Undergrad: 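I have a structure I would like to understand better, so I am pasting it below and will then ask my questions one at a time.
Not measured: the values here are computed from a predicted model. Below, chains carry the letters A, B, ... as their sequence lines are ordered, and counting in each starts from 1.
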Number of protein chains: 2
Amino acid sequence: MTESKTDPRVLRTRKLIMDSFIELSGKKEFKDITIKDITAEAMINRATLYYHFEDIYDLLEKALSEVLLVNLNYDFYQNDELNEEVFVRIFESITNFQKSLSNRCHRGYEDTIARIIRDQLEIIFYKMLVKQHTTEKDEALKLTAVLLSWGMYGASVEWRRGSQKVPPEEFIKLAIPYIRTGIDKR
Amino acid sequence: MTESKTDPRVLRTRKLIMDSFIELSGKKEFKDITIKDITAEAMINRATLYYHFEDIYDLLEKALSEVLLVNLNYDFYQNDELNEEVFVRIFESITNFQKSLSNRCHRGYEDTIARIIRDQLEIIFYKMLVKQHTTEKDEALKLTAVLLSWGMYGASVEWRRGSQKVPPEEFIKLAIPYIRTGIDKR
DNA sequence: GTGGATTTGTCGTGTATACAACACTTTTAA
DNA sequence: TTAAAAGTGTTGTATACACGACAAATCCAC
């Protein structure tokens, strides 16, 4: 276990950059945000941003992932069982997240954002599945995580379009067998 | 003119430290605040604090001066004429500042705080006097600044004790001749 | 008092950040 | 179309900050 702690300067600087990026996203469209804008807002040097992020797309990716994880992790990830209730809450959280994003004028980057969200969902689902399905094959769990993440993302988009007021029960019922794969076999 | 700009890292760090100090002052008495408390709150290393401040008393001094200057400078210092109106506003500002401090449990350091306030007042008055009394002797202006700062501080304390509702007109009338020394001679 | 624990202040070393300069690409304006 | 302006991404160097170790001072229970 070589878990060397990250330098607090790094954490501070990343937070400054990401916060500034999120802040600016509320004021301008993504395409109009320049590196200089961000570094000025964050009060850090331009070169320092490139020390942490490859370019502005990399920043977008990491900032969104971060926000997503903060929104999800502290709410119910620690509550490590992936049951129906948790599943519904993740669904609602994701949907709210997308709503707040669509208000923030990220037009033209929907696909990128969609991929980022699916990636994060997949990571979360996989981690939770691994915890409770220790006997299962790793490949099977990965596949399940992929299915669930794509499925949930699609359902979320569909649900927002239809502007219904309850989470789509159909999808949830469809997903439950996947969640329970390992449980049933025990 | 060798006015090299200060490194933004320095400004950031000083602000972090001072803000933490002010924040902690609201929760604990000064004597109970340790260096470790401050650096933990500020998320900076302990050694870094000593890079900027000699000790906790030096920090107290500089933090208070900073807060004072922020309270005063941006309000009316740029408005560079030291007339009666500005004088009254500085008086009110100082009095409010002392009030907010006395709520923050700096018990046992009243004398230190008093000195800091007078020092800052003196600096401000001197700068303003120099601007409008260019023909006056420097020594005379310094003396005037000293008189005004001690006078204003004392009047402020006296006024707070008496809990009257208007600034002490007597003191203001007394001070005006000092303010106008140069003007009258023009 | 005495000893352990906490705090203070300092120092040397490694690393993260600031900054200026640079070539390059993209926007803008005329 | 073209030139100026603004933005991007990289590099070398100087400096601020993190960290651990340390002795000395202060605090505090017994």
Undergrad: Can you work out whether Lys36(A) or Asp7(A) has the more 5'-proximal nearest nucleotide on DNA chain D?
TA: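 Checking each residue's closest nucleotide, the 5'-ward one belongs to Lys36(A).
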Undergrad: Roughly how many Å is it from OH in Tyr51(A) to P in dC19(C), rounded to a whole number?
TA: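 From Tyr51(A) OH to dC19(C) P: 17 Å.
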Undergrad: Write down the distance between OH (Tyr57(B)) and C1' (dT8(C)), rounded to a whole number of angstrom.
TA: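 Those two atoms, OH and C1', are 11 Å apart.
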Undergrad: Please report the distance, rounded to the nearest Å, between CZ in Phe53(B) and C1' in dT10(C).
TA: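 About 18 Å, once rounded to whole Å.
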Undergrad: Please report the C-alpha distance between Asp138(B) and Tyr126(B) in whole Å, then the side-chain angles of each, then the deciding distance to 0.1 Å, and finally whether the side-chain hydrogen bond (donor to acceptor under 3.5 Å, both in side chains) criterion is met.
TA: CA-CA 9 Å; Asp138(B) 197 54; Tyr126(B) 177 67; 2.4 Å; yes
Undergrad: Ignoring backbone atoms, establish whether Tyr50(A) has a side-chain N or O less than 4.0 Å from OP1 or OP2 of dT10(D).
TA: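 Checking dT10(D) against Tyr50(A), no side-chain N or O comes under 4.0 Å of OP1 or OP2.
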Undergrad: Given side chains that start at C-beta, do those of Glu66(A) and Lys15(A) come closer than 4.5 Å, heavy atoms only?
TA: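 When only atoms from C-beta onward are counted, Lys15(A) and Glu66(A) do not touch, as no gap falls below 4.5 Å.
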Undergrad: Rounded to whole angstroms, how far apart are CD1 on Ile35(A) and P on dG7(D)?
TA: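 Atom CD1 in Ile35(A) sits about 11 Å away from atom P in dG7(D).
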Undergrad: Can you tell if the side chain of Met18(B) reaches within under 4.5 Å of the side chain of Phe53(B), non-hydrogen atoms only?
TA: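 Yes, side chains in contact.
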Undergrad: Rounded to whole Å, please give me the gap between NZ in Lys5(A) and P in dC19(D).
TA: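 Rounding to the nearest Å, NZ of Lys5(A) and P of dC19(D) are 8 Å apart.
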Undergrad: Roughly, in whole Å, what's the span from CD1 in Ile33(A) to C1' in dT8(D)?
TA: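 Taking CD1 of Ile33(A) and C1' of dT8(D), I get 16 Å after rounding.
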Undergrad: What are the residues of residues 9-18 of chain A, sorted by number, that bring a heavy atom to within less than 4.0 Å of DNA chain D?
TA: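 Those residues are Arg9(A), Arg12(A).
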Undergrad: Calculate the interatomic distance between Leu49(A) atom CG and dA18(C) atom P; express it in whole Å.
TA: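 The distance from CG of Leu49(A) to P of dA18(C) comes to 11 Å, rounded to the nearest Å.
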Undergrad: Report the residue (Arg46(A) or Met43(A)) whose heavy-atom-nearest nucleotide on DNA chain C is the more 5′ of the two.
TA: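 Between the two, 5'-proximity favours Met43(A).
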Undergrad: Between Ser93(B) and Arg89(B), is there a donor-acceptor pair closer than 3.5 Å when you use the side chain of the first and the backbone of the second?
TA: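 A pair under 3.5 Å: no.
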Undergrad: Compare side-chain N and O positions of Asn45(B) against OP1 and OP2 of dC17(D) and report whether any pair is under 4.0 Å apart.
TA: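 Indeed not, no polar side-chain atom of Asn45(B) lies that close.
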Undergrad: Just so I know, are the side chains of Ile117(B) and Ile94(B) near enough to count as touching, which here means a heavy-atom distance under 4.5 Å?
TA: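 When only atoms from C-beta onward are counted, Ile94(B) and Ile117(B) do touch, with a gap below 4.5 Å.
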Undergrad: Would you say His52(A) reaches dT17(C)'s phosphate, i.e. side-chain N/O to OP1/OP2 under 4.0 Å?
TA: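 For His52(A), the contact criterion (side-chain N or O under 4.0 Å from OP1 or OP2 of dT17(C)) is met.
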Undergrad: Between Arg118(A) and Glu122(A), is the salt bridge (Lys or Arg N to Asp or Glu O under 4.0 Å) condition met? List the steps.
TA: CA-CA 6 Å; Arg118(A) 283 196 311 266; Glu122(A) 188 183 322; over 6 Å; no
Undergrad: Thr48(B) has a side chain; which of dA18(D), dC19(C), dA16(D) sits nearest to it?
TA: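 Nucleotide nearest to Thr48(B)'s side chain: dA18(D).
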Undergrad: In whole Å, what is the span from the CG atom of Asp55(B) to the P atom of dT10(C)?
TA: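 Computing the Asp55(B):CG to dT10(C):P distance gives 9 Å.
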Undergrad: Please verify the inter-ring angle class for Trp159(A) with Phe91(A); under 30° counts as parallel, over 60° as perpendicular, anything in between as tilted.
TA: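 Correct class here is tilted.
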Undergrad: Starting the side chain at C-beta, find the nucleotide from dC17(D), dG9(C), dT7(C) nearest to Thr34(B).
TA: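 Given the options dC17(D), dG9(C), dT7(C), the side chain of Thr34(B) is closest to dT7(C).
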